[in-house]
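Counting starts at 1 for both ligands and their atoms, following the listed order. Basis for what follows: all heavy atoms, side chains included, without hydrogens, waters or symmetry-related copies.
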Amino acid sequence: MRFNHLIAACLISIVLSISVNAQQPCTIKINAGKSIAKIQPTMWGIFFEDINMGADGGIYAELVMNRSFEFSNPLTGWTVQPKERTSPFQKQFAEGTVRVLNRQEANKANPRFVRITADHATKGSLGLTNEGFHGMGIKKDLQYNFSLLYRQAAPGIKMYVELVDSTGKSIGNTLATPAETGTVWHKQSVNFIASATESKAKLNIWFEGSGTIDLDFISLFPADTWKTRPGGMRSDLVQLLADLKPGFIRFPGGCIVEGRDLSNRYQWKNTIGPLDQRQLIINRWNTEFAHRPAPDYFQTFGLGFYEYFQLAEDIGAEPLPILNCGMACQFNTSEMVPMEQLDPYVQDALDLVEFANGDANTKWGAVRTKLGHPASFHLKMIGVGNENWGPQYVERLKIFQQALKAKYPDIKIIASNGAEFEGERFAYLHDEFKKTKPDFVDEHYYNTPEWFLNNASRYDSYDRNGSKIFAGEYAAQSDRVVSVKNKNNLRTAISEAAFLTGLERNADLVHMASYAPLFARVDGWQWTPDLIWFDNLHSYGTPNYYVQKLFSTNRGTNVVTALSNGKPLAGQDSLYISAVTDSNTHELIVKMVNSSFQQKQICFDIEGVKKLSNSASVTVLTGQSPEEENSINSPLSVMPVTESIAVKGKKVNLTLKANSLTVVHLLLK
Ligand code: AHR
């Protein structure tokens, strides 16, 4: 109700603030008839990294934490019931035992399992409880799919599977009765409907009866995953991504590609195939920040490279995988593979292209086909390294470039320009890239809102003969980089919008851009700010999300000139403008940012067209104050509001609100 009132108030104020006047002289001229650059379909994309519990505990909908007992502490996330008994590794009870066993030689990827021995156990006397990812988000009337792997010599133990709310009350249960016997593992699946909504539910498995049974890979998924894929992704989170209509998705990182050391690097081949054979590793964000420890943060790879490609396809985004270049994170160990041992890393890149695009007659194309996707994923580009720098990076990159271009000349290569956007390291790579000319250079910018406002002209005078630019990671920091005080507020969002007008104006050079990081759990983050926040049941887009969305869903096809007194409007009087046309919809789309704390009158003349439609749509993103944010409780406080206005002639007068991004659509006749 409160929200509807707010929208109504916003609409009224927009209507009052917009007037169209055919008489008044304008200093801003937009030539809608002359394209100065094409805008790539990839222009506005997303960058997914498993940070802030973005994958496990986030978009990957698995509710059980440490389902295969492979975390460093095998019972992390689990409690043997009743709680008060003995050590977590070897629980002794009158009614039975829970032990952790390790079959290292027999199953290297997933060695641990639990052995339950029960002696006349009853519900309540012997069990295992999983706490999920800071609780489990459960929805009333939704089906939940429980499964596990088991092995037993003879039937004897039944499992009473139940979800309980935060008070311990059952909100859904079923019975699992393993029937198969022998020395091999079997899968048992059961499902049930939840009777209540709960954000902090737990899963109990009570053992009943007598005997011994081995259990592994205990899993619980909601049925309402994205595209209802079993074992899939959280649909609310994927929907937020799909709504951005992203041109590409960069994955899986970020620093997790590099790893703290090379053994902890991301290796895509370990992330495909049977889930229980995807050997998990510690997530480097587990230990990265002493001030934000995340001891229960691992990468189980339930969301692996096959799923990433599938996600890209689902949301219509070009896949952009980033691979380790033979160097671990240079902020951590800087460990490097010697040049003479780089081959397996290069081979991983070559094999990845084959995995994505090869037909069923190729080794890796056959693997993809067997996983259920005979058609190509149409991979067109690959990133070599994340934030790498120095001569060691250059010499490794060259080897990747030669090998990839020799076998796949059409695959575009994205090189890293390190972690900085200026300075000695940046300049060194910048000069090197003039010689080696990778297709794209990935630049990252984490800085103050003022930096973003002052750098809207960054690319106006960049060299046009070198590599194209991928603005791969950016986010305005309301405090400072890695400060826990950073907020996703309107001010940061508007400063990013100003910067994006500069990227758009230079779309001949800048072919891709993505905000970072993408996701954060409200109770499990390591890094802020982030584009989308969520808890176990809810999710919301930040003001920064709506800036991205306004650019990506109003991409257009061609940049046209928008000049004020003959120059791009990039900060003069706190105003920023970029304009595009869309050859499919025959529209002119003008994006305007007012970064000042006062409203501003502006006027633009539209040239190069015969006639305009007599109405325009005007969408405004602003808020009550520069500090305003969205939140779980108030997810839509800052969001775009659209109104239609009348247009006469080819001149438009607008009042731009303080701290605002305004997008105007005009039909060209
Ligand atoms: O986006 C968070 C981190 O910032 C990324 O992992 C890394 O590339 C950058 O330093």
Side-chain angles (χ1 to χ4, degrees), residues 45-56 58-59 241 248-261 264-266 281-289 291-292 294 297 299 303 308 320-325 327-334 383-390 393 414-423 425-426 429 440-448 451-452 469-484 486-488 492 496 512-521 524-533 542 544-545 548:
I46 51 178
F47 162 44
F48 183 96
E49 175 170 20
D50 188 4
I51 182 173
N52 303 316
M53 305 201 112
D56 290 305
I59 199 168
L241 301 185
F248 66 90
I249 175 168
R250 176 182 186 240
F251 59 88
C255 293
I256 67 161
V257 168
E258 299 156 16
R260 290 189 76 77
D261 58 23
N264 181 232
R265 74 189 190 276
Y266 197 102
I281 58 173
I282 192 168
N283 188 307
R284 54 154 293 141
W285 298 107
N286 180 315
T287 50
E288 183 67 16
F289 299 127
H291 58 284
R292 297 294 300 174
Y297 199 1
Q299 296 181 80
L303 170 56
Y308 279 121
L320 168 46
I322 306 295
L323 296 184
N324 187 294
C325 64
M327 297 170 82
C329 182
Q330 289 168 272
F331 290 113
N332 297 148
T333 61
S334 273
V384 179
N386 170 47
E387 282 180 346
N388 296 108
W389 61 78
Y393 174 58
I414 287 138
S416 152
N417 206 325
E420 292 147 1
F421 47 81
E422 61 188 4
R425 283 177 185 154
F426 178 87
L429 285 178
F440 290 92
V441 170
D442 179 8
E443 297 189 357
H444 295 179
Y445 345 83
Y446 294 97
N447 216 307
T448 59
W451 184 90
F452 281 88
I469 298 295
F470 171 31
E473 296 185 24
Y474 53 80
Q477 317 283 301
S478 65
D479 190 29
R480 61 184 164 75
V481 184
V482 309
S483 162
V484 293
N486 286 323
K487 302 288 181 207
N488 284 101
T492 58
E496 287 153 12
M512 295 188 287
S514 46
Y515 183 98
L518 186 59
F519 282 122
R521 254 190 93 93
W525 56 270
Q526 299 80 47
W527 179 296
T528 179
D530 306 286
L531 204 63
I532 295 167
W533 289 76
T542 57
N544 315 71
Y545 172 87
Q548 291 300 128

Is NZ or CZ of R292 both nearer than 6.0 Å to the six-membered ring centre of W527 and within 45° of the ring axis? no

CD1-CG distance between I414 and D442, expressed to the nearest 0.5 angstrom: 7.5 Å

Nearest 0.5 Å please: distance from the CG atom of D56 over to the CZ atom of R521. 11.0 Å

Sequence-distant partners of R265, salt bridge (charged side-chain N to carboxylate O under 4.0 Å, His left out), two or more places apart: none

Measure up the W451 and F421 rings against each other and bin them: parallel (under 30°), tilted (30 to 60°), perpendicular (over 60°). tilted

Can you find a heavy atom in the side chain of Y266 that is under 4.5 Å from one in the side chain of N324? no

Residue shell around ligand 1, heavy atom under 4.0 angstrom: E49, G254, C255, W285, N386, E387, Y446, E473, A516, P517, W527

